[in-house]
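Okay, so here's the structure we're looking at.
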Amino acid sequence: MMQRYIEEELRRSAEAAGLVIDGPIPFGVPKQEGQGHLSTNIAMMHAKRLGKQPRVLAQEIVDALPASALVAAVEVAGPGFINVTFSDAVYHAMLRDLDAMADDIGRSDLGIGRTMNIEYVSANPTGPLHAGHGRNCAVGDTIANLFAWNGYAVTREYYFNNAGNQMNMLGRSIYVRLQHALGNLDVPFPEDGYHGEYISHVAESIATEHADQIRAMSEDEALAFCRKQGETWCFASIRQTLETLNIHHDVYFNEDTLYGTGKVVATVEALRDRGLVYEKDGATWFALTQLGNPQDKVIVKSTGEPTYRLPDIAYHRDKLERGYDVVVDVFGADHIATVPDVLAGVKALGFDTDRVRVVIHQMVTFVEDGEVVKFSKRSGKSFTLDDLIDEVGADVVRFFFIMRAVGTHLEFDLGLAKEEGDRNPVFYLQYAHARICSILNKGLERGVTLDHGADLSVLIHPREIELVALLSRFRSTVERACENLEPHVIAEFLRDLAGAYHNFYHDCRILGAEPPLESARLLLADVTRRAMRNGLLILGVGTPERM
RNA sequence: GCGCCCAUAGCUCAGUUGGAUAGAGCAGCAGCCUUCUAAGCUGCGGGCCGCAGGUUCGAAUCCUGCUGGGCGCGCCA
């Protein structure tokens, strides 16, 4: 927000120097001390075109700038940067503006009037969520929050398939355990069956509650019954886990509805009309090579069943037809191969795939005491997301899964995550929040209340100015994190913010300072509290008022 | 073999879309509480930004080729 105090004047003085700039002027924040508060490279970018030396052009622009009470100094530096040093008055004005935003600090209207749909989690009901699912859950939900904070109307969607081979295998796995529970020990467990404890658990509950029913059923009926019981149990488990993580979907979309509404068949025919479908070896193929993809793929098997690709295309078409301005998919790296096929299909049907944004997060490895923790979904000794939450807590789970860029492999350090002390980055943020709350409460006890009209011009300490400077960047950080689908940016920002606050707290006595200074510092602390609170809300972690 | 992702301090990772002398946490060492929460703060040491070219005023960042690791490449999802 700093740049708006200088941008138009700079634009006019650039024009006076013969340089017309369309669009926003690019600004950067210098890293080094003594390089001002804001820096622009416009002179270097355009010097060549104007046939001037960068430093000469920069100086001409600077000379044309009118004097302003808000600007303490403007200088040409290095190869041709224009560095602007603001007077403290700019920071006082920014703090005043931030305070006026009340509880909406960080909120943006970037997406106001726009709609978005985000699909995440989307695990089929074949078992409880495992620890690795956590990244998808946390990344998806945090991105959803980011869009909401940017003004979008957000629909959180969970896509699932309760038919097909995997579900049949779930039913058979339970069925076999059930037979064992009923004394038929010679029924063999299927080769690729599910081994989790929950299989036996569901089987035993059927054995105790529905034994007579089962004995009266044919094998097919019993298998279907087991499958349904398994699905019910798995969904209850998944939803309970998501509840613990404070994740709530607006829509549970069953793949099956795409068949009921005829959208799957319609999709095949629409592709066929465009000459992109052919029959071979008894199967129906999608001619992806005609669309520039490396190989054609089967979309309807010779058995007559579609492969996952076809309903996926129909599903994306459905979402786009629902009119969302933005459609976001959150996938793990193991699903990366499906993305180009689905997008090509949707595009071939005439939809604008620019509206679709796909977030692909890399895999997670869990580490404890320097050792990689191995686990497998079907090995029996699975590591569920519930186990992880029990070990380290929901806040830590959410934070750890989003604190690294989605494109990089994530190492989840269980030892670090379990620490409740100073090494754990979540507590560092929450502690800053709790510390501010504590001061505000202590102030109330002493009769010192928040004064929104406080004279802010007394804030001149470097720690105070640094803190305001950081706060002024919160909103643009939220916007950038949303536009780039990068939740970790918020975690980084909050760490900086907490650090800046701790520095301020350490060097600047609040309660007991001279009356005008006390009021101003208290206001600064409260604005920081609201920013930190909103940041933690975006991440979906708790905002404790005492620790 | 092909596609996507990654490679930065001892370890885990940032790096504001191409800017100035590459940053943080942890680990190590040394300091700071009779005063608003020491779950905090301060200082020190630590680097061939995987390698080699290219693009330009300027590259950790963009392009090409290597090396090493991850994930995929099914009439499974």
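Keep in mind it's a predicted model, so treat the numbers as computed, not measured. Below, each value reflects all heavy atoms present in this structure, side chains not excepted, and no hydrogens, waters or symmetry copies. In what follows, chains carry the letters A, B, and so on, assigned in the order in which the sequence lines appear, proteins first and then strands, with residues in each chain numbered from 1.
OP1 and OP2 of G23(B) both lie 4.0 Å or more from every side-chain N or O belonging to Lys31(A). Distances shown here put every side-chain N or O of Gln430(A) at or beyond 4.0 Å from the OP1 or OP2 atom of G40(B). At the phosphate of G74(B), neither OP1 nor OP2 sits under 4.0 Å from any side-chain N or O atom of Lys297(A). Contact check, Tyr505(A) against U35(B): no side-chain N or O comes under 4.0 Å of OP1 or OP2. Between Arg463(A) and U42(B) there is a side-chain polar atom (N or O) within less than 4.0 angstrom of OP1 or OP2. Between A39(B) and His433(A), no contact under 4.0 Å exists linking OP1 or OP2 to a side-chain N or O.
If you check G72(B), U37(B), U56(B) against the side chain of Ile336(A), the one that comes closest is G72(B). Listed nucleotides: A20(B), A14(B), C36(B). Nearest to the side chain of Ala77(A): A20(B). Checked against C5(B), A39(B), U37(B), the side chain of Arg435(A) finds its nearest nucleotide in U37(B). For Thr408(A), the listed nucleotide lying nearest its side chain is A14(B); candidates were G70(B), A14(B), C75(B). Of the listed nucleotides (A77(B), U37(B), A14(B)), U37(B) has the atom at the smallest distance from the side chain of Tyr431(A). With C71(B), C5(B), A77(B) as the candidates, the nucleotide lying closest to the side chain of Gln362(A) is C5(B). In the set G19(B), A20(B), C76(B), G19(B) carries the atom at the smallest distance from any side-chain atom of Met44(A). Of the candidate nucleotides C36(B), G40(B), U16(B), U16(B) has the atom nearest to the side chain of Val29(A). Among the nucleotides U56(B), A20(B), C75(B), the one closest to any side-chain atom of Lys48(A) is U56(B).
At a cut-off of 3.5 angstrom, the base of G19(B) holds at least one donor-acceptor pair with the side chain of Asn41(A). Scanning atom types as modelled, one donor and one acceptor separated by under 3.5 angstrom connect the side chain of Asn83(A) and the base of A20(B).
Rounded to whole Å, atom P of U21(B) lies 8 Å from atom CD of Gln35(A). As a whole-Å value, the separation of Phe412(A) CZ from G25(B) P is 21 Å. To the nearest angstrom, C1' of U42(B) lies 15 Å from NE2 of His502(A). Distance His506(A) NE2 to U35(B) P: 13 Å, rounded to the nearest Å. Atom NE2 of His409(A) is separated from atom P of C13(B) by 10 Å (rounded to the nearest Å). Atom CG of Leu288(A) and atom P of G74(B) are 13 Å apart (whole Å). In this structure, CZ of Arg495(A) is placed 11 Å from P of G15(B), rounded to the nearest angstrom. In this entry the distance linking NE2 of His335(A) with P of G70(B) reads 19 Å, nearest Å.
Looking at heavy-atom distances under 4.0 Å, Cys508(A) makes contact with a base. Residue-level contact check: Thr284(A) touches neither bases nor backbone, having no heavy atom under 4.0 Å from any strand. Among the heavy atoms of the strands lying under 4.0 Å from Ala337(A) are primed sugar atoms or P, OP1, OP2 only; no base atom is included. Note on Gly407(A): only backbone sugar-phosphate atoms sit closer than 4.0 angstrom, heavy atoms only; bases stay farther off. Residue-level contact check: Arg546(A) touches the bases, meaning some heavy atom is under 4.0 Å from a base atom. Looking at heavy-atom distances under 4.0 Å, Asp281(A) makes contact with a base. Backbone-only contact: Glu411(A) has heavy atoms under 4.0 Å from sugar-phosphate atoms and none from a base. Residue Ala434(A) is in base contact, counting any heavy-atom pair closer than 4.0 Å across all strands shown. Looking at heavy-atom distances under 4.0 Å, Arg509(A) makes contact with a base. Within 4.0 Å (heavy atoms only), His488(A) reaches sugar-phosphate atoms of the nucleic acid but no base atom.
Anti is the conformation of C11(B), whose glycosidic angle sits further than 90° from 0. Glycosidic conformation at U8(B) (O4'-C1'-N9-C4 for purines, O4'-C1'-N1-C2 for pyrimidines): anti, more than 90° from 0.
Comparing A60(B) with G31(B), their C1' atoms are spaced 35 Å from each other, to the whole Å. Taking atom P on both nucleotides, U8(B) is separated from U61(B) by 14 Å, rounded to a whole Å. Rounded to a whole angstrom, the distance from the P atom of C4(B) to that of C63(B) is 12 Å. With C1' as the reference atom, A59(B) and C41(B) are 36 Å apart, rounded to whole Å. Here the separation of C26(B) from G72(B), taken at their P atoms, is 35 Å to the nearest Å. Nucleotides G47(B) and G15(B) have their C1' atoms positioned 15 Å apart, rounded to a whole Å. When the P atom is used for both U35(B) and C29(B), the distance is 28 Å, rounded to whole Å. Separating the P atom of G68(B) from that of G25(B) is a span of 35 Å, rounded to the nearest Å.
The backbone N or O of Leu146(A) lies less than 3.5 Å from a partner atom in the side chain of Asn150(A), making a donor-acceptor pair.
Using a 30° and 60° split on the angle between ring planes, Tyr315(A) and Tyr159(A) fall in the parallel class, below 30°. Classified by interplanar angle (parallel below 30°, tilted 30° to 60°, perpendicular above 60°), the ring pair Phe235(A)/Tyr252(A) is perpendicular. Between Tyr501(A) and Tyr505(A), the angle of the ring planes lies from 30° to 60°, which puts this pair in the tilted group. Ring pair Phe160(A)/Tyr158(A) is perpendicular by interplanar angle, where above 60° counts as perpendicular and below 30° as parallel.
Residues Phe366(A) and Phe383(A) bring their aromatic ring centres within 6.0 Å. Aromatic ring centres of His361(A) and Phe401(A) lie farther apart than the 6.0 Å criterion allows.
Between Lys319(A) and Glu119(A), at least one side-chain nitrogen of the basic residue sits less than 4.0 Å from a carboxylate oxygen of the acidic one, meeting the salt-bridge criterion. The pair Glu466(A)-Arg463(A) meets the salt-bridge criterion, with a side-chain N (NZ, NE, NH1 or NH2) lying under 4.0 Å from an Asp/Glu carboxylate O.
Taking the nucleotide of RNA chain B with the nearest heavy atom to each of Ser438(A) and Glu305(A), the more 5' of the two is matched to Ser438(A). Each of Val298(A) and Asn503(A) was matched to the nucleotide of RNA chain B holding its nearest heavy atom; the match closer to the 5' end belongs to Asn503(A).
G19(B) has no base stacking with the ring of Phe81(A) when judged by centroids under 5.5 angstrom apart and an interplanar angle below 30°.
With both pairing distances under 3.5 Å, C32(B) is matched to G40(B) as a Watson-Crick or G-U wobble pair. C62(B): Watson-Crick or G-U partner is G54(B), with both key distances under 3.5 Å.
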Should His502(A) and Tyr431(A) be marked as a ring-ring contact (aromatic ring centres under 6.0 Å, His included) after you check the CA-CA gap, both sets of side-chain angles, and the distance that decides it?
CA-CA 10 Å; His502(A) 287 312; Tyr431(A) 180 63; 5.7 Å; yes
